[in-house]
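Reviewing the structure listed below.
A quick note: this is a predicted structure, and the numbers were derived from the prediction, not measured.
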Amino acid sequence: MLLENAVCTLEDIKAYIDEQEAGFTFFTRNGLKTCTVCMETKDVVAFGKQEQAKDSMNPRCKQCEKKKRIADEFYTEWTLEGVGTVYLKRYKSRAGGISWYLVDVKGEFISKRCADCGEMKLKDGYSESNKLGGVRSICRECDGEHKVGYRAENAEHLKEYMRQYQAENADHIKEYQRQYRAEKRNDPTWVEKQRERQRQRYVKEPERFQAKEAKRNALKRNLHAEPNWANNWADIMERFHGRCALTGDVLDESQGNSHCEHFIPLSWGHGGTSAANCYPLRSDLNISKGNRNPFEWFQAFKDRYGLSQDRFDELVLYLAMRNDMTPEEFEKYVYWCERNKRTPEECAEDTRPSSEIFKEAQARGEV
Ligand SMILES: [Zn+2]
Ligand SMILES: [Zn+2]
């Protein structure tokens, strides 16, 4: 079994198949023949006779016949983008050769190769039938069902399908990815490759990169993180006109001077990564603030950095509104978080937003 560890796309898998098939000859040619089970190309004497076959030879080699092997025993493993581990398997096609399909680790049918255009397409790309995977062997596009504009529509379809698949299998995918990374962490080549990918992502879209990092940091501590956060963060940056909330300086993440700052530090086990807790801050101020109480930090450092009280008050008002609180309540809330710090384990036990927990404590008269 071959292991293709890098995350790949359906196009990559198609390219692999094309390469494989270039060496196949399912019908005897120059004394050679490819076995439809083990896919090895062997001298024709390695095959038995079979009268009804096109070339009068058994499509399986003698060895496969003897060991009662089936094609399912021979597959390659891939990591498909957005899905996780998939197995590329083959089945005997009507034309006498083989065709290819993908299943996930639970054996669910994911994709197959169109018998006409040869593309690997997701299940959605075919109309239903009683063929393998419950769909036709020729894709919709080749079928002529949606000739015009179908490709674009199909791209949307695929995205939607991936989204749905990811949503339905979130836990499974997460667990798989965790295991995969744990295994790969000992492989220095893999680690370096990941680092390089991170660097490239950063260069390409520093703002999104920064947002995703903020989200990861919250999730690592079992804290609340807004879904679709990278987009929300872009909206927040727009709301602040791409400027530091406290100094008004134009921020440019590619210059490394911009930071997605958590008003309530993540290390307190509160707040999380959300519009109710995050705002743009110049990097050096973020470093200075660290895990301190934001109100106390501001009072202690405003003169050193020449920060304006008005801007700070405006920020507090903005965040208070995002938390559905008055500025006074919001300040109380931040101090409450500081007094009631939580470990990641405690955060995992109560995954509600901290503001909700605070309001409940307040209602019980505990604040
Ligand atoms: Zn064989
Ligand atoms: Zn097709």
Side-chain angles (χ1 to χ4, degrees), residues 1-24 38-41 71-90 100-108 110-113 118-122 158-159 162-163 165-166 169-222 225 229-230 253-256 258-260 266 273 283 344:
M1 189 183 71
L2 182 94
L3 215 65
E4 294 290 334
N5 273 327
V7 175
C8 69
T9 62
L10 288 175
E11 282 77 3
D12 295 332
I13 296 178
K14 182 199 180 266
Y16 166 82
I17 295 171
D18 287 343
E19 200 178 299
Q20 293 288 307
E21 289 199 334
F24 288 162
C38 63
M39 286 202 302
E40 278 177 48
T41 304
D72 261 10
E73 293 170 33
F74 299 87
Y75 56 87
T76 52
E77 186 181 322
W78 300 73
T79 307
L80 182 61
E81 203 174 72
V83 177
T85 298
V86 291
Y87 304 123
L88 176 63
K89 296 187 169 187
R90 291 158 292 112
W100 308 73
Y101 67 107
L102 291 174
V103 291
D104 70 7
V105 287
K106 291 183 295 187
E108 291 280 325
I110 301 287
S111 157
K112 74 175 174 184
R113 182 162 155 99
E119 299 283 336
M120 289 298 289
K121 296 201 172 174
L122 294 172
L158 296 194
K159 261 196 220 152
M162 285 292 192
R163 259 197 298 274
Y165 184 90
Q166 282 174 336
N169 296 275
D171 287 348
H172 170 72
I173 292 172
K174 220 160 136 190
E175 174 57 20
Y176 158 76
Q177 285 173 338
R178 197 192 58 74
Q179 273 178 16
Y180 180 74
R181 277 195 297 266
E183 242 168 69
K184 292 303 243 177
R185 223 163 272 147
N186 302 321
D187 176 354
T189 351
W190 184 81
V191 171
E192 186 41 47
K193 210 166 142 193
Q194 295 306 308
R195 283 205 189 114
E196 183 51 34
R197 283 181 62 173
Q198 292 280 72
R199 274 192 285 272
Q200 285 181 3
R201 258 180 237 150
Y202 180 83
V203 170
K204 224 170 111 199
E205 289 185 303
E207 219 173 68
R208 285 186 83 78
F209 181 88
Q210 176 188 48
K212 284 184 175 166
E213 193 175 53
K215 182 168 178 171
R216 268 198 301 278
N217 288 339
L219 293 176
K220 247 195 293 194
R221 293 181 162 85
N222 300 324
W229 172 243
E253 180 51 28
S254 65
Q255 304 295 312
S258 163
H259 195 87
C260 170
L266 291 175
T273 296
S283 294

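The CG atom of L266 lies 10.0 Å from the CG atom of L219; values are rounded to the nearest 0.5 Å. Taking OG1 of T79 as the start and OH of Y180 as the end, the distance is 4.5 Å to the nearest 0.5 Å. Atom CD in E21 sits 9.0 Å away from atom CE in M39 (nearest 0.5 Å). Atom-to-atom distance recorded for L102:CG and L80:CG is 6.5 Å, nearest 0.5 angstrom. The CG atom of N169 sits 13.5 Å away from the NZ atom of K174 when rounded to the nearest 0.5 Å. Atom CD1 of I17 sits about 10.5 Å away from atom CD of E119, to the nearest 0.5 Å.
A search for side-chain contact (heavy atoms from CB on, under 4.5 Å) contacts involving V191 returns R195, not counting sequence neighbours. By the side-chain contact (heavy atoms from CB on, under 4.5 Å) test, E183 is found to be paired with no residue, residues two or more places apart in sequence or in another chain being considered. Applying the side-chain contact (heavy atoms from CB on, under 4.5 Å) rule to E73 yields the partners R69, I70; only residues at least two apart in sequence or on another chain are considered. Taking the side chain to side chain donor-acceptor pair (under 3.5 Å) definition, one finds that E192 meets it with R199, sequence neighbours left out. Residues that satisfy the salt bridge (charged side-chain N to carboxylate O under 4.0 Å, His left out) test with E207, not counting sequence neighbours, are absent from this structure. Shown here are the side chain to side chain donor-acceptor pair (under 3.5 Å) partners of D187, two or more places apart in sequence or in another chain: T189. Scanning for side-chain contact (heavy atoms from CB on, under 4.5 Å) contacts around S283 gives H259, with sequence neighbours left out. Partners of D104 under the side chain to side chain donor-acceptor pair (under 3.5 Å) rule, at least two apart in sequence or in another chain, are Y165. Every ring-ring contact (aromatic ring centres under 6.0 Å, His included) that W229 has, sequence neighbours left out, goes to W233. Evaluation of the ring-ring contact (aromatic ring centres under 6.0 Å, His included) rule for Y101 yields Y91 as partners, not counting sequence neighbours. Taking R208 as the reference, N231 meet the side chain to side chain donor-acceptor pair (under 3.5 Å) condition, with sequence neighbours excluded.
For the side chain to side chain contact (heavy atoms under 4.5 Å, CB included) with E81, the lone residue among L10, T9, D12 that qualifies is T9. Exactly one of H172, Q179, Q177 qualifies for a side chain to side chain donor-acceptor pair (under 3.5 Å) with E175. That residue is Q179.
A donor-acceptor pair is defined here as one N or O able to donate and one able to accept, closer than 3.5 Å; such a pair exists between the side chain of T273 and the backbone of A214. A donor-acceptor pair under 3.5 Å is formed between the side chain of S111 and the backbone N or O of K121.
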### Message
Working note: Y16 + T76, criterion side-chain contact (heavy atoms from CB on, under 4.5 Å); need CA distance, chi angles, decisive distance, verdict.
### Response
CA-CA 10 Å; Y16 166 82; T76 52; 3.2 Å; yes
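Counting only heavy atoms from C-beta outward, the side chains of L88 and R113 never approach each other to under 4.5 Å. Using a 4.5 Å heavy-atom threshold, the side chains of L122 and I110 count as touching.
In this structure, F24 and W100 have parallel ring planes: the angle between them is below the 30° cut-off, well short of the 60° mark.
Among all heavy-atom pairs drawn from G23 and T41, the shortest one is O-OG1, 3.6 Å.
Salt bridge annotation for K14-E11: absent, with no cationic side-chain nitrogen under 4.0 angstrom from a carboxylate oxygen.
Counting only residues at least two apart or in different chains, salt bridge (charged side-chain N to carboxylate O under 4.0 Å, His left out) contacts with residues 210-219 are absent.
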